[in-house]
Amino acid sequence: MSEPSAGNGHLALGFFDAHPDQEARVEAAREELRRRLPEMRRLPGCPRGSDEDILAMSYPPYYTACPNPFIADWLAGLERPGDDDRADPGPFAADVVEGKGNAFYKAHSYPTKVPHPAIMRFILHYTRPGDVVLDGFAGSGMTGVAAQACGNPEPKVRRAIEAELGAEKIEWGARRAILGELGPSATFIGAGVNLPIDGQAFDQASRALLDRFESEYGWMYRTTVTPDNGEPFEAAIDYVVWSEVFTCPHCGGEVVFYDVAFDPATGRVCDEFCCSSCGAALNKRQREIRKSKIRTLAGDTIDRVDMRPVLISWRRGEATGRKRFDQMDAEVLERIARLKVPPFPAFQLPNMHMTHERNNLPAWGITSIHHFWPDRSLTALAVLWSWTSEESDPFTRLALRFWVEQALWGLSWMNRYKANDHSQVNRQMTGVYYVPSLMSECSVRYNLEGSSPARGKRRSLVKLWTSSPASAGEVMISTGSSTSLPIPDGCVDYVFVDPPFGENIYYSDLAYLIESWHGITTARTEEAIQSRHRELPKSLDDYADLISSCFVEFFRVLKPGRWMTVEFSNHSNDVWLRIQDALATAGFVVADTRVIDKDHLSYRQVTADNAVKHDLVISAYKPAEATEYSFEIAAGGEDAAWVFAHEHLSRVPVTEGFRGRALVVRERQADRVYERMVAYHVARNTLVPMTAAEFYAGLDRRFPVRDGMYFLAEQVESYERFRITFKELAAQVLFIRDESSAVQWLRQLLKDRPRAFADIQPVFMREMQSGLASWEELPELLDMLEANFVDDGKARWMVPDPKKSEHLDQLRTRALLREFDAYAASKGSLKKFRSEAVRAGFKKAWGDRAFHTILAVGHRLPPDVFLEDSALLHYYRNAERLAG
């Protein structure tokens with residue numbers, strides 16, 4: 001977007017100068033935003049919602065739930081450090097390890113986050129105090145938190161960063177940030193952690209909200225406890241356990257899952273249990289779903305999986321206990337069902353991949369948004385949400401909704417009962433819509449304040465906002481597509497992005513639950529993901545096109561000579577190559593790739609042996625103006641190649657080493673410099689002026705070479721001083737050009753010791769940078785490991801020892817299973833096949849309890865096969881019995 005014109009009303013006069021008073025500025029900005037909303041709606045990615053809902057969610061000029069029209073004027077009015085004496089910092093050349101145990105990270109749930117102390121390291125390396133940082137895939141806003149925290153870091157964080165980077169190299173001081181994100185629920189979270197909220201004002205308002213709720217609706221969460229010996233007394237409900245009720249497939253009797261499967265002694269659910277009526281052995285896969293007619297608070301009637309309240313956890317002063325759900329408790333639910341409650345979202349759930357394909361919620365009974373909550377929780381949320389709108393102070397109102405919003409998932413049917421956890425608050429599975437067979441219906445006070453108010457959610461937010469370094473005007477937040485940023489050309493000092501990668505997470509699907517309460521939803525057509533959704537499919541090409549368009553915008557708004565950091569978390573070779581291509585196409589030049597370790601891992605990262613446990617960090621730069629100017633003059637000639645080579649060598653690390661070994665700087669090797677040079681020319685639609693052989697010969701003539709690496713003349717002395725401090729240079733690795741060279745590279749990596757997949761994947765991805773032949777379709781890393789290497793029994797991959805029969809058996813079995821998979825995917829009678837492959841496939845399917853796979857292949861085999869092989873017959877007949 002261009003600079004504001006005279007037709008833009010307040011902005012043309014300098015909006016921030018015209019309204020120096022904070023309160024007047026916010027009020028004027030709201031009216032200006034109302035006037036300009038029709039214009040904002042024409043921009044890509046503007047969320048779907050009414051004008052009033054967008055205005056209610058926004059806190060202009062700092063945060064708008066649409067593209068932010070105030071950013072250009074804000075930039076024009078900033079006092080910023082000059083560029084004349086600014087030396088190029090080079091790529092951030094250190095791996096980062098940072099935990100998630102800080103208050104900002106835990107303030108609100110979001111599918112992916114980078115801890116802000118990790119981002120601080122990059123910001124401190126690449127920028128000066130007062131610089132402007134852009135995050136075009138801002139998610140929950142951690143980049144803004146990091147930028148502001150550079151001005152007032154926590155002592156522990158400051159000591160750690162200074163120890164890693166060197167205190168003398170760091171200029172502490174706040175930076176400014178522009179946060180752009182497609183999802184309105186994400187930018188709302190970003191506003192909550194980046195705008196200056198008064199912690200004490202929130203403390204008073206939130207306490208008053210809970211007290212008011214207790215006074216008017218507290219009866220909903222009270223129960224009568226009758227001790228074995230003593231008088232009945234009234235107690236507050238912490239949570240109610242609901243159990244699925246299903247039908248026994250043998251006798252047709254009613255089975256309450258909690259009563260037959262839950263073991264109170266261990267707090268665990270048994271995989272196998274018996275029918276309470278006939279005693280038949282059962283498991284969840286064998287149950288027959290039972291449904292009931294349910295009339296909801298919205299007045300509609302649905303067929304829902306039968307859920308029954310069975311247990312209440314109560315509290316009275318310091319005393320706590322449990323009781324069975326009784327008739328008096330049922331009468332409370334009946335009274336709630338007759339209530340007239342404030343408005344709540346009650347529209348039909350749109351057809352989305354995560355709700356209708358990945359998890360069939362309509363089959364459970366969820367067809368509209370209000371079906372996600374039991375009547376009591378829905379009533380409480382509707383009341384609290386309506387009361388938050390009565391708060392007059394805009395930042396306190398934001399804080400109250402931020403606080404209530406984080407409970408929307410935890411008060412839904414998706415909140416799992418986990419008896420052995422210290423709390424039942426927000427125990428839903430993350431990254432998926434999943435309704436459990438045992439659910440905890442928490443009271444709003446238990447969820448929003450916690451069983452210990454001094455340490456609960458409300459108190460933690462009070463502490464967060466009281467100690468927050470946020471101040472008005474340091475962070476600007478925009479909701480819309482990063483394919484069209486409301487930012488003038490060349491005015492951003494640094495870009496840090498953690499983009500969505502492939503089909504890892506369906507962000508807009510998962511955000512819909514929360515966005516429905518705001519009345520504003522993500523523009524899903526602009527979402528940069530791969531999608532398998534039938535109604536809105538997106539291929540890898542679609543994803544790559546959107547990412548490439550975003551990188552083009554980042555290149556446009558970034559100052560020449562400045563840097564962008566891209567965090568990458570995906571094990572797919574195709575996605576990795578598309579990211580690199582998008583960077584080069586936009587005009588960026590990759591200078592380094594590192595690892596960032598978020599320390600605390602997700603559930604899948606912890607439990608899956610072959611999960612990606614570390615993220616890659618790509619450092620790329622926008623060439624300096626002098627380079628671009630010289631290139632334009634020499635475009636098409638040899639001088640253009642050497643203009644680029646000189647800048648590239650000036651920007652990549654001079655040295656690298658650890659643990660007593662000097663390492664090869666990959667970006668200084670001839671083939672990598674050539675690849676970057678070619679990409680630079682192609683991105684600018686210019687013919688490459690020389691062949692690889694000619695370029696290599698020119699490198700030898702023009703640049704000093706040491707240990708197979710090329711340097712500028714002024715860099716050689718620094719490298720030589722570094723090199724003599726190490727005894728040896730680590731052996732150079734093979735280049736990955738195709739599947740054969742990839743396997744050889746893996747053999748070289750694994751020959752010394754076994755390694756886990758999580759340790760192999762980052763270094764493999766770092767090496768596989770634009771080196772593949774254009775026609776080569778490289779198998780996924782895990783497929784190559786399974787085909788050529790063996791498991792050492794500790795979830796680590798190793799080179800097979802041909803002298804050990806068990807290693808050869810592993811490889812042979814994998815080959816047989818691949819054949820079996822081909823049989824399973826084919827159709828028609830199997831007239832020719834390998835019996836060994838069928839045996840291996842049946843054995844694995846039996847272990848996976850995939851009985852239908854055994855039947856699907858077995859019924860296509862000739863009958864004589866079972867006469868000849870009793871083992872196959874055994875598998876097939878038992879699979880028939882167990883599959884019903």
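For clarity, every value in this text was computed on a predicted model and none was experimentally measured.
Atom CD in Glu786 sits 4.0 Å away from atom CG in Leu782 (nearest 0.5 Å). Between Arg458 atom CZ and Asn447 atom CG the span is 13.5 Å, to the nearest 0.5 Å. Here the straight-line distance linking atom CG of Leu297 with atom OG1 of Thr379 works out to 4.5 Å at 0.5 Å rounding. The CG atom of Asn426 sits 9.5 Å away from atom CG of Leu408, with the distance rounded to the nearest 0.5 Å. Between Leu513 atom CG and Trp409 atom CH2 the span is 5.5 Å, to the nearest 0.5 Å. To the nearest 0.5 Å, the span separating CZ on Phe372 from CG on Leu381 amounts to 13.5 Å.
Salt bridge Arg755/Asp759: absent, no basic N to carboxylate O contact under 4.0 Å.
Inter-residue side-chain proximity for Tyr512 and Met352 is flagged as met; some heavy-atom pair is nearer than 4.5 Å. At a threshold of 4.5 Å between non-hydrogen side-chain atoms, the residues Thr355 and Asp509 do not count as touching. For the pair Lys844 and Phe820, the minimum side-chain heavy-atom distance is 4.5 Å or more. Between Met414 and Val432 the shortest side-chain heavy-atom distance does not fall below 4.5 Å. Residues Tyr433 and Leu510 are in side-chain contact: their nearest non-hydrogen atoms beyond the backbone lie under 4.5 Å apart. At least one side-chain heavy atom of Leu411 sits less than 4.5 Å from a side-chain heavy atom of Val444. At a threshold of 4.5 Å between non-hydrogen side-chain atoms, the residues Trp219 and Ile336 count as touching. With contacts defined as side-chain heavy-atom distances shorter than 4.5 Å, the pair His371/Arg304 does not qualify.
Every residue two or more places apart in sequence or in another chain that forms a ring pair (Phe, Tyr, Trp, His ring centres under 6.0 Å) with Tyr417 is listed here: Phe262. The ring pair (Phe, Tyr, Trp, His ring centres under 6.0 Å) check on Tyr239 picks up Tyr446, with sequence neighbours excluded. Residues that satisfy the side-chain hydrogen bond (donor to acceptor under 3.5 Å, both in side chains) test with Asp329, not counting sequence neighbours, are Thr223, Lys323. Looking at residues two or more places apart in sequence or on another chain, you find a ring pair (Phe, Tyr, Trp, His ring centres under 6.0 Å) between His518 and Phe188, Trp385. Residues that satisfy the salt bridge (charged side-chain N to carboxylate O under 4.0 Å, His left out) test with Arg287, not counting sequence neighbours, are Glu244. Partners of Lys418 according to the side-chain hydrogen bond (donor to acceptor under 3.5 Å, both in side chains) rule, which considers only residues two or more places apart in sequence or in another chain, do not exist here. Residues passing the ring pair (Phe, Tyr, Trp, His ring centres under 6.0 Å) test with Trp242 are Trp413, sequence neighbours excluded. With sequence neighbours left out, the salt bridge (charged side-chain N to carboxylate O under 4.0 Å, His left out) criterion links Lys293 to Asp303.
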Starting from the C-alpha separation in whole Å, work towards a yes-or-no answer on side-chain contact (heavy atoms from CB on, under 4.5 Å) for Leu349 and Thr367.
CA-CA 5 Å; Leu349 192 67; Thr367 57; 5.8 Å; no

Take Glu405 and Ile189, measure what side-chain contact (heavy atoms from CB on, under 4.5 Å) needs, and give me the verdict at the end.
CA-CA 9 Å; Glu405 186 192 83; Ile189 298 172; 4.1 Å; yes

May I have the step-by-step check of side-chain contact (heavy atoms from CB on, under 4.5 Å) for Cys248 and Ser277, ending in yes or no?
CA-CA 8 Å; Cys248 174; Ser277 298; over 6 Å; no

Verify side-chain contact (heavy atoms from CB on, under 4.5 Å) between Ile366 and Val435, making sure each step is shown before the conclusion.
CA-CA 10 Å; Ile366 296 176; Val435 181; 4.2 Å; yes

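For Lys843, the NZ atom counts as loosely surrounded, since its 6.0 Å shell holds 12 or fewer non-hydrogen atoms of other residues, nucleotides or ligands. Under a cut-off of 6.0 angstrom, the local environment of CD in Glu331 is crowded, with over 12 non-hydrogen atoms contributed by other residues, nucleotides or ligands.
In terms of heavy-atom proximity, Ala346 sits nearest to Ile369 at N-CG2, 3.7 Å. Annotation for Ser440 and Arg416: closest pair OG-O, 3.9 Å, computed over non-hydrogen atoms. Between Arg315 and Ala235, the closest heavy-atom pair is O-CB, 3.6 Å. Summarising the geometry of His250 relative to Cys278, their closest heavy-atom pair is CB-SG, 4.2 Å, with the distance given to 0.1 Å. The two residues Ser377 and Cys442 have their closest heavy-atom pair at OG-O, 4.4 Å. Minimum heavy-atom separation, Arg322 to Ser313: CG-CA, 4.3 Å.
A donor-acceptor contact shorter than 3.5 Å is absent between the side chain of His356 and the backbone of His533. Between the side chain of Lys457 and the backbone N or O of Gln406, no donor-acceptor pair lies under 3.5 Å. For the pair Asp306 (side chain) and Val245 (backbone), a donor-acceptor distance under 3.5 Å is absent. Remark: the backbone N or O of Arg222 is not paired with any side-chain donor or acceptor of Glu234 at under 3.5 angstrom. With hydrogens and angles ignored, the 3.5 Å screen pairs no side-chain donor or acceptor of Ser292 with any backbone N or O of Ile294. Between the side chain of Lys291 and the backbone N or O of Ala363 there is at least one donor-acceptor pair closer than 3.5 Å.
Sorted by first and then second residue, the salt bridge (charged side-chain N to carboxylate O under 4.0 Å, His left out) pairs involving residues 250-271 (not counting sequence neighbours) are Glu254-Arg290, Glu254-Arg308, Asp259-Arg324. Residue pairs meeting the salt bridge (charged side-chain N to carboxylate O under 4.0 Å, His left out) criterion with at least one member in residues 425-441, sequence neighbours excluded: Arg376-Glu441, Asp421-Arg427. Among residue pairs with one or both ends in residues 273-303, those qualifying as ring-ring contact (aromatic ring centres under 6.0 Å, His included) are Phe257-Phe273; sequence neighbours excluded. Pairs of residues two or more places apart, or lying in two chains, that qualify as side chain to side chain donor-acceptor pair (under 3.5 Å) and include a residue from residues 815-826 are Glu819-Tyr823, Glu819-Arg834, Ser826-Arg860.
In this structure, Trp373 and Trp517 have perpendicular ring planes: the angle between them is above 60°, well past the 30° mark.
A donor atom on one side chain and an acceptor atom on the other are found under 3.5 Å apart for Asp300 and His370.
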